[in-house]
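Note that the coordinates shown come from a computational prediction; the quantities given were computed from them, not determined experimentally. Note that ligands are numbered from 1 as they come in the structure, with each ligand's atoms numbered from 1 the same way.
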Amino acid sequence: MTERYDSTAARHYAAFRPPLHRLILERVIRPHESFRVGLDVGCGTGYSAVALTKYCDRVFELDPNRSMLDVAQGHPKITYLQGSGEALGQLPVQVFDVVTFAGSLFYAKTDRLRRELVRACPPAGSIVAYDFEVLLNEVMAELGADCPADASNYDYRANISDWDEFGVDTIGTERLRLEVTKRQMAHLLLSDSNRYDALVRHFPNGDPFESLVGCLEDSRGQLHLDADIYFTRYRVLGR
Ligand SMILES: C[S@@+](CC[C@H](N)C(=O)[O-])C[C@H]1O[C@@H](n2cnc3c(N)ncnc32)[C@H](O)[C@@H]1O
C-alpha cells in the first residue's frame, strides 16, 4: 500500500477496501486463536483494526494522520489513538498480546519502535507485519488513463526479521483474485491521489466517480481484482 492520501482520496479509501486484511489475517492466525488486547499500528481509516477485532477482546489503534482517523469507522471494541509507532512508549508495559502492522511497517520501522515493541508486548506475544499490492495498472491502461509509475522505494515486504528479539512463526506471499462491483472498483481507483489526479484529467467534467462507473460499465463485464499479498508473523522472544 503506497497510496498518497489527501482528504478526497481518504473519502474513497474509506468507501471501499477489498477484504484483504481479513484474508491475510486468516493465513497467519488460527481460526479459534484469541487475544486479550491487540494493537494495530498505522491503522489508517481502521480497516486493519476492524479485521483484528475478530481475534481480540479489545483493540487499540494508532495512527499519526488525523485525516485518516477522522474518517475511521467506529467499532465497540476499538479505541483510537493518534501517534506514531514510537508512541507505544507512552502505553503500559507488556499489555499487547498481538500487534499488527498493515502496510505501515515501512513507515514506522525505527530502532525506537524495536525497543518499544519489546516493552509493550509480553514474551510469546505476536507481531504480524503484512501488506498487499492491488494491481490496478492494467485497469488504468484499459481506461486510457495511465498515471506516472510509483517512483518511491516503498517495500511491500518490510519486516522485522533482522531484529533478533522476534522469531519468525509464519511467512508467505500469494496472488489473490477477487470479484468486485463497478462502484467498488471506482472507489478503489480514486482512493490514491496519483490515480485520482490522472482520472480527473481523463474525465475533466465534474466528479470523476460516476464517469468512471459508466466507463467501467461500457468497457468491462465481470470485474476482478488481482492483489499480491505479503505476510510474516513473529513471536516475541524477549530482551
Ligand atoms: C498504507 S496506510 C495503511 C492503513 C491501514 N493499516 C490499512 O491497512 O488500511 C499506512 C498508514 O501508516 C501510517 N503511518 C505513517 N507513518 C507512521 C508511523 N511512523 N507510525 C505509525 N503509522 C504510520 C499512515 O498515516 C497511514 O495511515
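Between the side chains of Ser126 and Arg233, at least one donor-acceptor pair of N or O atoms lies under 3.5 Å.
Using a 4.0 Å heavy-atom cutoff, Tyr13 is listed among the residues neighbouring ligand 1.
Short contacts between ligand 1 and His21, defined as distances under 4.0 Å to a heavy atom of the residue, involve ligand atoms 7 (C), 8 (O), 9 (O). Taking every non-hydrogen atom of Gly44 and a distance limit under 4.0 Å, the qualifying atoms of ligand 1 come out as 4 (C), 5 (C), 27 (O). The atoms of ligand 1 that sit less than 4.0 Å from any heavy atom of Ser104 are 12 (O). Using a 4.0 Å cut-off to heavy atoms of Ala102, the atoms of ligand 1 that qualify are 3 (C), 5 (C), 6 (N), 8 (O). Within ligand 1, the atoms closer than 4.0 Å to a non-hydrogen atom of Gly103 are 1 (C), 10 (C), numbered from 1 in the order shown. For ligand 1, the atoms lying closer than 4.0 Å to a non-hydrogen atom of Val41 are 21 (C). Those atoms of ligand 1 with a heavy atom of Cys43 less than 4.0 angstrom away are 4 (C), 5 (C), 6 (N). Within the listing of ligand 1, atoms 5 (C), 6 (N), 7 (C), 8 (O) sit less than 4.0 angstrom from a heavy atom of Ser48.
Side-chain atoms of Thr170 do not come within 3.5 Å of backbone N or O of Val28 as any donor-acceptor pair. Of the possible polar contacts, one joining the Thr53 side chain to the Val50 backbone as a donor-acceptor pair under 3.5 Å is found. A donor-acceptor contact shorter than 3.5 Å is absent between the side chain of Asp228 and the backbone of Glu133. No donor-acceptor pair closer than 3.5 Å links the side chain of Asp131 to the backbone N or O of Tyr230. Remark: side-chain polar atoms of Gln94 are not paired, donor with acceptor, to backbone N or O of Ala120 under 3.5 angstrom.
For the pair Arg17 and Tyr13, the distance from NZ or CZ to the six-membered ring centre is under 6.0 Å and the angle to the ring normal is within 45 degrees.
Taking the ring centroids of Tyr130 and Phe132, they lie at or beyond the 6.0 Å cut-off. Between Tyr107 and Tyr154, the ring center distance clears the sub-6.0 Å criterion.
Below 3.5 Å of separation, one finds an N or O of Gly85 facing an N or O of ligand 1. Backbone and side-chain nitrogen or oxygen atoms of Gly83 are examined, and none is located within less than 3.5 angstrom of a nitrogen or oxygen of ligand 1.
Of the candidates Tyr107, Tyr47, Phe132, Phe106, it is Tyr107 that places a heavy atom closest to atom 19 (N) of ligand 1. The option from Asn65, Asp63, Leu20, Ile24 that lies nearest to atom 26 (C) of ligand 1, judged by heavy atoms, is Asp63.
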